[in-house]
Amino acid sequence: MNGQVPRAPLAELNGVVKRFGNKTALAGVDLAIRPGELVALLGPNGAGKTTAVRLLLGLLRPDAGTALLFSRDPSMPEARQRMGALLQISKVPETLTPREHLRLFASYYPDPLTPAEALAAVGLEDRGDRLFGKLSGGERQRALFALALVGRPDLLVLDEPTVGLDVEARRALWEQTRAQVNAGRSVLLTTHYLEEADALADRVVVIHSGRVVAQGTPQHIKSLAAGRRIRARSRLPIETVKAISGVTSVRRDGEILEILTPRAEGVTAALLAADRDLMDLEITSAGLEEAFLALTRNPVAPAGDPS
Ligand code: ATP
């Protein structure tokens, strides 16, 4: 890939707002994908991931802020030519074979892979001549991935690429994605699986209700999301509980305190030390969805991104 401008982002959203009618899908999002980086945009359903991708591909226009692809308007052909995308809505005619599709797609690019190279990159050598309509779900997804790769893009955009795939197919796609990063490509991947972001990403950007609520290494995000929910009957003031190290969020429901934390042992010990009358202590695991909600209620300072 081109190494002359080492740190300029390949794709960026700056203060982007996007509304659909009175629904705000993105409420001021900053995002940058730099050379050689795999960024996972992680968030639950409806968070705004696909909207962010569509803005970067020039399929939507921001209501405020800017979207740039290779420092240009994303709808410019020069920008689009350096990007390959696997979208949730990607569809190709079922009565052509992957090899035929690849030949056609290759004709749009100045220096494409051969169909055989693209098929090999996704482990689909033995399905190149089968009709697309006769491929399994996982094979179709790999064929679409090959189409995204055929132009030797500098940036790959993968929108929830493993939804609906079984574990084996998902892992195969992860391997192939990693191989692309090792070959020097940048990748923007959207996912609602923390596991997927963890397996692949250099940097994870967590989006919720159209806002970036956290970002950092997978390790950092996992520590935020590896939450436990502690419930207990206690009169401790919320401010006292918030001050305990490791507490992500606190809520009171009558006499019941509800706390989210990645460090249940330490927080429980501190609670017991602060309130000898504490009763009905209960610790359960808080899922990722709940961790997202906690992050939204109590935003964590973005980490690891100077922008
Ligand atoms: P999912 O994981 O379900 O694909 P997402 O994170 O990609 O979700 P978006 O598809 O970006 O979320 O949607 C963000 C919000 O904007 C949602 O509330 C969605 O209903 C709304 N939205 C998206 N596209 C449109 C549209 N064309 N018209 C109206 N509302 C839309």
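In what follows, residues are counted from 1 in the order of the sequence shown. Just so you know, these numbers come straight off a predicted model, no measurement behind them. Counting starts at 1 for both ligands and their atoms, following the listed order.
- With hydrogens and angles ignored, the 3.5 Å screen pairs a side-chain donor or acceptor of Asp63 with a backbone N or O of Arg19.
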Between Thr261 and Arg228, does a side chain to side chain donor-acceptor pair (under 3.5 Å) hold up when you go through it step by step?
CA-CA 5 Å; Thr261 174; Arg228 292 277 183 282; over 6 Å; no
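- Scored by the salt bridge (charged side-chain N to carboxylate O under 4.0 Å, His left out) test, Asp253 finds no partners at all (sequence neighbours excluded).
- Considering Arg82, Glu78, Arg80 as possible partners of Arg72, the one that fulfils the side chain to side chain contact (heavy atoms under 4.5 Å, CB included) test is Glu78.
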Cut-off 3.5 Å, no hydrogens considered: what does the side-chain donor-acceptor table look like for residues 264-272, sequence neighbours left out?
unit_1, atom_1, unit_2, atom_2, d
Thr268, OG1, Ala264, O, 2.5

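- The side-chain hydrogen bond (donor to acceptor under 3.5 Å, both in side chains) search around Thr177 returns none, not counting sequence neighbours.
- For ligand 1, the 4.0 Å heavy-atom shell contains residues Phe20, Lys23, Ala25, Pro44, Asn45, Gly46, Ala47, Gly48, Lys49, Thr50, Thr51, Gln88, Glu160.
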